[in-house]
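These notes concern the structure reproduced below.
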Protein chains: 2
Amino acid sequence: MAKGLDLVAPSPVEEAAAQPEGVRRPVRGAGSRFVYETLHREILSLVLRPGAPLDETRLARRFGMSRSPIREALSRLSAQDLVMMLPNRSTLVAPLDLTTFPRYVEALDLLQRINTRLAAQHRPAASIPELRRKAELFDASVKLQDHLEMSASNSAFHIAIAAAGGNPYLARQYGALLDAGRRLLHLHFEYLEQTGGEYVLADEHHDMIDMIAARDVEGADRLAHAHTRQFHDRFMRFLRTSYVDDFPFERDDTDTGAEPNDR
Amino acid sequence: MAKGLDLVAPSPVEEAAAQPEGVRRPVRGAGSRFVYETLHREILSLVLRPGAPLDETRLARRFGMSRSPIREALSRLSAQDLVMMLPNRSTLVAPLDLTTFPRYVEALDLLQRINTRLAAQHRPAASIPELRRKAELFDASVKLQDHLEMSASNSAFHIAIAAAGGNPYLARQYGALLDAGRRLLHLHFEYLEQTGGEYVLADEHHDMIDMIAARDVEGADRLAHAHTRQFHDRFMRFLRTSYVDDFPFERDDTDTGAEPNDR
DNA sequence: TGTCGACTATGTGTCGACAATATAATAGCT
DNA sequence: AGCTATTATATTGTCGACACATAGTCGACA
């Protein structure tokens, strides 16, 4: 698929190709939920590119339903900052602003550390096998090279840690940050596969569970911090690498690059 | 109005009494925004009690518009956890779950400290007079005993600090927590006035600005932490007080008292 | 008299249509 | 030829209506 640094390419959405079931929608409130989940997945996996326009009418045609459920789904996505709704104008997939990447890592590190600390402090006994299971789901997806499942199960694992920590406020905010990060993960998955770095990640997960099981708060904190740093360093390396590799010679002079700022 | 501890009273919403302008709605996207802001204000100021049902049809009649803009406003409120939308059933003002109050304070403390620290580190010079202005707005509302304006300007002050810190992710999450806390503020405003404790709060604001202006990170952190602790302690005192006052005889023995721990 | 089932009522989820607005495309003017 | 005003087009915000889902009510039956 060769995704380079065109983070805001307004690529036209592949039109039809939804609607797998030929039968009627089963339950009543499912329309909006289905649209939400589908778009959620497609945005986080970069199938819908950052900056791509999301036309309500077009989406309504694609999903074979009215604009009302589409609108509700977009509204919910907008609340998570996954799409931007411009008043009286189109709504777009939220652009990936790499200038705030350091701020993002800063926030992620903080929430990851505090939630992991809380898990080590307060985890109920039953949460340990649950965490093992989630970590193994991630391992399995890594073995299958299933990108979508990798980012999903990775988030699910960390969210489970936060749930074990017992603070719903912090867990919720951590979850939002993890979601936003899934787009960055997908951005450099290919790079990850070349370097084989994801296996290190998987090991770190199990180490974290050990610390949480042992109620070693400082140890869990240290691992959580190192985990974020891993992510940060790998992503930065990816940025440098892909810059050198992907840049050909037919550069368009009118295009300033990857950052069409509209602030 | 003598609000006691009936936090989940499903009091019927005062019916009409909105719609101050007799003229037509000026601009196009204003309907939904107006409904959102009105409900937002009424929820945070406890005019709409926690647990109160929000009937879409009734709200549509009240605001003199269709259910579509009502629905959008409720959807946005739901994303902030200010209302609960029960599928295929009614939507209610989010109940105030006091059992999670310790968790809330924990989260608020963390976000308040980190954002205040960041402000002391990164604040641009121009932000200091801005903070002074916001602190004075809070002082003025305290003098006027304007509850709504007090909680609003208090949040605005702290959000300005977070903005000066320069991390939009952490600032946003801090803002959400501050919003949720406004309901708790309103809950014990009367108690605050009896004890005169709010003037201490106002002084603390100016002390925090001093620390931020001096780039004293540790000092700012210390004040932020003390500020949260102030809030926690006052609210706990309020709970004990009103508990004794309002619940004389029908005390539930399963309730352990003022510290509803569930860890 | 207690329990189960159908019926009614309230309210949401979804639909199709219309009106208003922003962008573009075109015409008019200097 | 370049710039402004106007029309045209596309897309959103809002509306009223209908159908389904849930809760409460009533009646039948054991």
Side-chain angles (χ1 to χ4, degrees), chain A residues 8 10-13 15 18-19 21 23-39 48 51-79 82-94 260 262, chain B residues 8 10-13 15 18-19 21 23-39 48 51-79 82-94:
Chain A
V8 287
S11 72
V13 181
E15 206 48 53
Q19 200 86 330
E21 80 277 295
V23 293
R24 202 58 45 82
R25 234 171 294 114
V27 286
R28 196 166 142 81
S32 165
R33 203 172 9 254
F34 178 69
V35 174
Y36 170 79
E37 286 167 4
T38 303
L39 292 181
L48 290 172
L54 291 176
D55 199 293
E56 290 179 10
T57 311
R58 204 161 310 194
L59 288 174
R61 272 205 305 273
R62 171 185 166 190
F63 286 99
M65 51 182 73
S66 170
R67 274 175 50 218
S68 301
I70 307 289
R71 209 152 215 291
E72 162 142 359
L74 289 180
S75 174
R76 285 170 62 189
L77 291 169
S78 155
L82 292 180
V83 306
M84 294 181 54
M85 302 187 76
L86 309 181
N88 274 317
R89 208 124 39 95
S90 67
T91 101
L92 344 152
V93 178
D262 53 320
Chain B
V8 288
S11 72
V13 181
E15 207 46 53
Q19 199 86 332
E21 80 278 294
V23 292
R24 202 59 45 81
R25 230 171 298 115
V27 283
R28 194 165 145 81
S32 165
R33 201 167 16 248
F34 178 69
V35 174
Y36 170 79
E37 285 166 6
T38 303
L39 292 181
L48 290 172
L54 291 176
D55 199 294
E56 291 179 10
T57 312
R58 204 163 309 196
L59 288 174
R61 273 205 304 275
R62 172 185 166 191
F63 286 99
M65 52 182 74
S66 171
R67 275 175 51 220
S68 301
I70 308 288
R71 208 152 217 290
E72 162 142 1
L74 289 180
S75 174
R76 286 169 61 187
L77 290 169
S78 157
L82 292 180
V83 305
M84 294 180 53
M85 302 187 78
L86 308 182
N88 274 316
R89 209 123 42 92
S90 67
T91 100
L92 339 156
V93 178

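Numbers restart at 1 for each chain; the letters A, B, ... are given by sequence-line order, proteins then strands.
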Minimum-distance nucleotide (side-chain atoms of B:Ser32 versus D:dT14, C:dT14, D:dA21): D:dT14

Rounded to the nearest 0.5 angstrom, the CD-OG distance for B:Glu56 and B:Ser68 is 9.5 Å

Check B:Ser75 against A:Ser75 and note the closest heavy-atom contact, atom names and distance. OG-OG, 3.3 Å

Whichever of A:Pro87 and A:Arg67 has its nearest DNA chain C nucleotide further upstream toward 5': A:Arg67

On DNA chain D, compare the nucleotides closest to A:Ser90 and A:Ser68; which residue's is nearer the 5' end? A:Ser90

Is there a Watson-Crick or G-U wobble partner for D:dT12 with both distances under 3.5 Å, and if so, which one is it? C:dA19

Nearest-Å distance, CG (B:Leu74) to P (C:dT12)? 9 Å

Please determine whether the number of non-hydrogen atoms from other residues, nucleotides or ligands lying under 6.0 Å from atom CE of B:Met84 exceeds 12. no

Listed nucleotide nearest any side-chain atom of A:Pro69, set D:dG16, D:dT11, C:dT14: C:dT14

In whole Å, I'd like the distance from the CE atom of B:Met65 to the P atom of C:dA19. 19 Å

Using atom CG of B:Leu86 as one end and atom P of D:dC20 as the other, report the distance to the nearest whole Å. 22 Å

Enumerate the protein-to-nucleotides 23-25 of chain D contacts in which both atoms are nitrogen or oxygen and the separation is below 3.5 Å.
| unit_1 | atom_1 | unit_2 | atom_2 | d |
| --- | --- | --- | --- | --- |
| D:dA23 | OP1 | B:Arg89 | NH1 | 3.3 |

Measure from CZ on B:Arg61 to P on D:dT14 and round the result to the nearest Å. 20 Å

Test side chain to side chain contact (heavy atoms under 4.5 Å, CB included) on B:Leu54 and B:Val83 and set out the steps. CA-CA 9 Å; B:Leu54 291 176; B:Val83 305; 3.7 Å; yes

Could you tell me whether the phosphate oxygens of C:dT12, OP1 or OP2, come under 4.0 Å of any side-chain nitrogen or oxygen in B:Thr57? yes

In whole Å, I'd like the distance from the CD atom of B:Glu72 to the C1' atom of C:dT12. 17 Å

Once you round it to whole Å, what is the distance between P of C:dA20 and CG of A:Asn88? 12 Å

Quick one, B:Leu39 and B:Leu74 - any side-chain contact, counting heavy atoms below 4.5 Å? yes

Choose from D:dT11, C:dC15, D:dC15 the nucleotide whose nearest atom is closest to any side-chain atom of A:Arg58. D:dT11

Interatomic distance, A:Asp55 CG vs D:dT9 P [rounded to whole Å]: 17 Å

Which residues share a side chain to side chain contact (heavy atoms under 4.5 Å, CB included) with B:Thr57, sequence neighbours left out: B:Asp55, B:Arg61, B:Arg67

Spacing between B:Glu56 atom CD and D:dT14 atom P, to the nearest angstrom: 15 Å

From D:dT11, C:dT14, D:dC15, pick the nucleotide closest to the side chain of A:Ser66? C:dT14

Please report the closest heavy-atom contact between A:Ser32 and A:Ala73, naming both atoms and the distance. O-CB, 3.9 Å

